[in-house]
Amino acid sequence: MGIKSNRSDTDYVILANKGMFRDLNPNMALFSKGLILAFVIFTLYDVDFAASTFSGMQSWIQNSLDWFYVLSMCVFVGFTFYLMCSRYGHIRLGKDDDRPEFSYFSWFSMLFGAGMGIGLLFWSIAEPSYHIQNSPFLADGAANTMEGANVAMQTTFLHWGLHGWAVYVIVGLALAYFAYRHELPLTIRSALYPIFGDKIFGWRGHIADLLAVFGTLFGVATTLGLGAGQINAGLNYMFGVEIGIVPQVIIIGVVSVISTISAVSGVGRGIKILSEVNMWLSILLIIIFLFAGPTVFLLGFFVTNLGDYIVNMIPMGFWVDPDPTRQWQGWWTVFYWGWWIAWAPFVGMFIARVSKGRTIREFCLGVLLVPTLVTFFWMAILGGTSMHMELFAEGGFGTAGVINAVNEDISKPLFVVIENLNLGILTQFVALISLILIITYFVTSSDSGTLVITTMVSMGSETPPTGYRVFWGLSEGVVAAVLLLAGGLKALQTASLAAGLPFAFIIFMMMYALIKALRADFKGVQQIREVAPHEHTDRTDHYISILNNR
């Protein structure tokens, strides 16, 4: 038995059983469609005005709310470590006899594919190459030196490490807990049950889910826009395809169709298979970089910066730039924090969907630490290879061509580094592997986002209507294309920042609700064991009575 409403089923319209909204919540379906339609019309009606609006919004958020993003992410990390080490760690995300549906390899593959995706290939070389030239953490004279390379990698680790994955842990854990242990719908609203009770099925729940749809749509669209640029760069390198907005819009369209087909096939087939393909191709690519590049240097570079990250994570994580004229933190740290938060409903729900049966401690360790370490190793190998090329180039720093490629077009440096590895006839093969990997990560990001949005619109159904999966799969591509037309990278960054801001408050509410529920759950288990340790008792009913009396 799950948490049931005390009201009659007629008080709230949950799912329509006939008509065009069959198996969907009519209010969610209409408002979510209206959201995307309004955005597309607004942007295409006057692209220049939309671009200036996005730019102004981005500047306001970066200049006025940088402290809020920084503090929020630090709180999220602390809360995750608390859950991992707390007395609630043994509680299972499901019934006590539930066990995980997926193996560890499949689980980690899907976590990694959904949570990181194209960003790893896009930023692993480009970001440290930016930071080694200009970063507020660089000491005087450290730019473009080995010392600067270490600072650049630590900064990259900050943006891709524990802070971001902690957001996924909180959202994913709350959703899995309420959905699989207490049989509420697999939607954002369910994580707010201890606060609002039955009212989550009304307008309060609709707002929470619509904010999640908004964040998911624009968070995924940001990634698709960035990925299209890198695919375009790869096609240009290998086949001479022109780099520009038109080819990138075509790429988004083609890949959106492929990802929609994958989403229609479901988690157990298309998404799982593609995620495992991603993982194997990633392993192959990292092995090639590790052994074709300066192996000893790269391993030492990884170990050194992992240790420095552990030491400096707290002061770097809490740092807020006191200089209002400097744009670095807004363009990097605040953008990343907004991007992670915008992705949280999407990745959190997807992680919850594939994590049924795991304990809270197992979930926290698996989602927080394993992907973080894999990400750090990936960044250190690819980013370290590029910086080694520049630092030890015969003509001096900057003559290897990587830095110039980064400064010219952020989509190009991966393929410049592959060419500089001097692999001979294998160069084209490695470039092809990279291009395929970008495309498959592109697809898994989009199809996972499609599944999550349609799950929310259908009030937590794990098999949303096929027609809606098709609609939202194609809609993500439309939004990504519109954002590219309305300002390129700046518009994409603004979308993530704007989408993440309101959902940050939902995450804080989820934290409070989760702690309240876990305390009731733990207290209920203890009381049941003391009163009737050998008799069957409905734990969920006991949990509800404790929760409602708090």
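- In this structure the side chain of Leu83 reaches within 4.5 angstrom of the side chain of Ile515, judged on heavy atoms.
- For Tyr193 and Phe178, the distance between ring centers is not under 6.0 angstrom.
- Taking the six-membered ring for Trp and the full ring otherwise, Trp339 and Phe335 have centroids separated by under 6.0 Å.
- Between the side chain of Ser72 and the main chain of Tyr69, no donor-acceptor pair closer than 3.5 Å is present.
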Let me see the working for Ile286 and Leu382 under side chain to side chain contact (heavy atoms under 4.5 Å, CB included), right down to the final yes or no.
-> CA-CA 8 Å; Ile286 207 70; Leu382 269 68; 3.4 Å; yes
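- Contact annotation: the side chain of Ile351 approaches that of Phe363 to within less than 4.5 Å [non-hydrogen atoms, C-beta and beyond].
- Under a 3.5 Å cut-off, the side chain of Ser190 and the backbone N or O of Pro185 do form a donor-acceptor pair.
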Show your reasoning for whether side chain to side chain contact (heavy atoms under 4.5 Å, CB included) applies to Arg204 and Leu192.
-> CA-CA 9 Å; Arg204 295 170 180 81; Leu192 306 181; over 6 Å; no
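- Residue pairs that meet the side chain to side chain donor-acceptor pair (under 3.5 Å) test with at least one member in residues 357-368, sequence neighbours left out, are Tyr104-Glu362, Arg358-Glu362.
- Ala344 approaches Phe503 most closely through the heavy-atom pair CB-CE2, 4.1 Å.
- In this structure, the side chains of Phe350 and Tyr168 stay at 4.5 Å or more apart for every pair of heavy atoms.
- Summarising the geometry, atom CE belonging to Met84 is positioned 5.0 Å from atom CG belonging to Leu365; distances are rounded to the nearest 0.5 Å.
- Between Phe346 and Ile453, every side-chain heavy-atom pair lies at or beyond the 4.5 Å cut-off.
- Residues Trp340 and Met73 meet the side-chain proximity criterion, which asks for heavy atoms closer than 4.5 Å.
- Here the CE-CH2 distance, from Met379 to Trp123, works out to 10.0 Å after rounding to the nearest 0.5 Å.
- Between Ala228 and Ile252 the shortest heavy-atom distance is CB-CG1, 3.6 Å.
- Residues Trp165 and Trp160 fail the side-chain proximity criterion, which asks for heavy atoms closer than 4.5 Å.
- Partners of Leu158 by side chain to side chain contact (heavy atoms under 4.5 Å, CB included), not counting sequence neighbours, listed by chain and number: His163, Met316, Trp337.
- Of all the heavy atoms in Gly473 and Thr450, the pair that sits closest is CA-OG1, 3.2 Å.
- Here Cys85 pairs with nothing under the side chain to side chain contact (heavy atoms under 4.5 Å, CB included) rule; sequence neighbours left out.
- The main-chain N or O of Asp209 is never found under 3.5 Å from a side-chain atom of Arg189 such that the two would form a donor-acceptor pair.
- Checked against ring pair (Phe, Tyr, Trp, His ring centres under 6.0 Å), Phe377 has the following partners two or more places apart in sequence or in another chain: Phe302.
- A 4.5 Å side-chain heavy-atom check between Ser103 and Trp107 finds every atom pair outside the cut-off.
- With sequence neighbours left out, Ala179 forms a side chain to side chain contact (heavy atoms under 4.5 Å, CB included) with Leu186.
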Using the side chain to side chain contact (heavy atoms under 4.5 Å, CB included) rule, take Leu162 and Leu369 through it: C-alpha gap first, then chi angles, then the decisive distance, then the call.
-> CA-CA 7 Å; Leu162 298 178; Leu369 299 183; 4.0 Å; yes
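- For the side chain to side chain contact (heavy atoms under 4.5 Å, CB included) test, residues two or more places apart in sequence or in another chain that qualify with Trp280 are Phe105, Ile283.
- More than 12 heavy-atom neighbours from other residues, nucleotides or ligands sit within 6.0 angstrom of CG on Leu284.
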Evaluation steps, side chain to side chain contact (heavy atoms under 4.5 Å, CB included), between Val70 and Trp319 = CA-CA 7 Å; Val70 168; Trp319 182 77; over 6 Å; no
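- Shown here for Ala352 and Leu175, the closest heavy-atom pair between the two residues is CB-CB, 3.9 Å.
- Met510 places none of its side-chain heavy atoms less than 4.5 Å from the side chain of Phe505.
- Put simply, the side chain of Arg92 gets close to the backbone of Gly357: a donor and an acceptor are under 3.5 Å apart.
- No more than 12 heavy atoms of other residues, nucleotides or ligands shown are found within 6.0 angstrom of OH on Tyr512.
- Between the side chains of Trp378 and Ser282, no donor-acceptor pair is found at a separation under 3.5 Å.
- In summary, the side chains of Tyr88 and Asp521 do not present any donor paired with an acceptor at a separation below 3.5 Å, with no hydrogens or angles considered.
- Here the CG-CD1 distance, from Leu501 to Ile61, works out to 5.5 Å after rounding to the nearest 0.5 Å.
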